[in-house]
Amino acid sequence: MPNVALIAGPVVELASAASALAATTGLQVVSAGNVFREHVHQQTPLGEEASGYMQAGHLVPDELMVKAVADALARVDGGWVLYGFPRTIRQAELLTQSGHVPDAVIELVLTEDQLRRAVHQRVERRIELDPPQAERREEILLMYTHSQENHQEQIEPLRAYFRTHGLLHTVSGFGDCDDVAARLIPVASDGQRRP
């Protein structure tokens, strides 16, 4: 079974795409964020160490984050879908050193028009959940737009890293999760067959 890493910008529903892909292929979903939160919640030694950094207002070191993710991947029986991680070249290198190299890294991308629509949908959903935020609609739209622009700058070195290693693939992230999963399946399968 293939091991797949999914990456995307902040308005693409990665969790839904990962779950849909896993349901169709029998892969196990691993969310770096959930793994990490569980360590903190369970107050494991790793979680307590991470809490110390967070309480001091510091970023959790990549080494600690990768250790948590690598431990979770090591417990998977079969293939996995890791989503939202790695986010930097350093994290990718550490993950490789831990023995967990994805067969394929798939970036879910949107066209400019699709991105605009996705941002508007995300903002409207947020306002539905919290109607008083309607007054801040333009400010929230701007926040999501800046977030996407920052993501593009930050992810380019990681794209180049995976491209150099022959792992990077791009798939449209537009549509419902089943449509996206249908596009992901052949790419994930091809990744498993790479030399």
Side-chain angles (χ1 to χ4, degrees), residues 1-10 12-56 58-108 154-155 157-171 173 177 180-181 183-195:
M1 288 190 130
N3 296 321
V4 179
L6 297 182
I7 58 176
V12 176
E13 295 288 346
L14 265 183
S16 301
S19 296
L21 175 62
T24 310
T25 58
L27 301 175
Q28 184 173 325
V29 175
V30 177
S31 157
N34 290 347
V35 165
F36 211 70
R37 281 187 287 277
E38 191 61 22
H39 274 284
V40 172
H41 178 70
Q42 297 290 335
Q43 297 181 333
T44 66
L46 192 151
E48 289 185 349
E49 189 178 347
S51 291
Y53 284 103
M54 292 186 286
Q55 287 167 6
H58 300 299
L59 290 174
V60 176
D62 286 336
E63 289 77 7
L64 207 55
M65 294 183 73
V66 171
K67 180 170 179 8
V69 172
D71 287 351
L73 294 177
R75 290 194 300 273
V76 172
D77 184 21
W80 41 260
V81 181
L82 173 65
Y83 73 87
F85 195 87
R87 293 173 186 254
T88 65
I89 291 174
R90 177 74 178 140
Q91 290 172 354
E93 289 171 342
L94 289 169
L95 201 58
T96 296
Q97 289 168 22
S98 75
H100 299 286
V101 182
D103 297 304
V105 176
I106 308 173
E107 182 180 11
L108 298 179
Q154 291 168 359
I155 202 164
L158 187 63
R159 279 191 195 117
Y161 172 86
F162 284 129
R163 203 178 286 121
T164 299
H165 289 81
L167 297 174
L168 184 68
H169 306 269
T170 56
V171 166
C177 57
V180 175
R183 292 182 214 119
L184 290 171
I185 292 165
V187 180
S189 301
D190 285 346
Q192 186 180 19
R193 292 194 289 270
R194 73 182 173 85

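Predicted model only: the values in this text are computed from it and were never measured. We count residues from 1, following the sequence as given.
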Applying side chain to side chain contact (heavy atoms under 4.5 Å, CB included) to Val12 and Val180, what does each step give before you reach the verdict?
CA-CA 11 Å; Val12 176; Val180 175; over 6 Å; no
Do Val66 and Gln97 make a side-chain contact, defined as non-hydrogen atoms from C-beta onward lying under 4.5 Å apart?
no
Could you walk me through whether Ser98 and Leu95 pass side chain to side chain contact (heavy atoms under 4.5 Å, CB included), step by step?
CA-CA 5 Å; Ser98 75; Leu95 201 58; 4.1 Å; yes
Got Leu21 and Ile185 here, is their nearest side-chain heavy-atom distance under 4.5 Å?
yes
So with a 6.0 Å cut-off around CZ of Arg87, is the heavy-atom count from everything else above 12?
no
Tell me, do His165 and Val105 make a side-chain contact under 4.5 Å, heavy atoms counted?
no
Could you tell me which non-hydrogen atom of Val29 sits nearest to which non-hydrogen atom of Ala18, and how far apart they are?
CG2-O, 3.6 Å
Roughly how far apart are Tyr83 OH and Ile106 CD1, rounded to 0.5 Å?
15.5 Å
If you apply the rule side chain to side chain contact (heavy atoms under 4.5 Å, CB included), what do you find for Tyr161 with Leu167, and how did you get there?
CA-CA 9 Å; Tyr161 172 86; Leu167 297 174; over 6 Å; no
Separation between CD of Gln55 and CD of Glu48, rounded to the nearest 0.5 Å
10.0 Å
Take Val69 and Gln91, measure what side chain to side chain contact (heavy atoms under 4.5 Å, CB included) needs, and give me the verdict at the end.
CA-CA 10 Å; Val69 172; Gln91 290 172 354; over 6 Å; no
Rounded to the nearest 0.5 Å, what separation is found between the CG atom of Asn3 and the CD atom of Gln28?
11.0 Å
One should read off an interatomic distance between Arg183 CZ and Thr170 OG1, to the nearest 0.5 angstrom, of 11.5 Å
Salt bridge check: are Lys67 and Asp71 linked by an N-O gap of less than 4.0 Å?
yes
CE on Met65 to CZ on Phe85, rounded to 0.5 Å
5.0 Å
Looking at CD1 of Ile155 and OG1 of Thr88, how far apart are the two atoms once the value is rounded to the nearest 0.5 Å?
10.5 Å
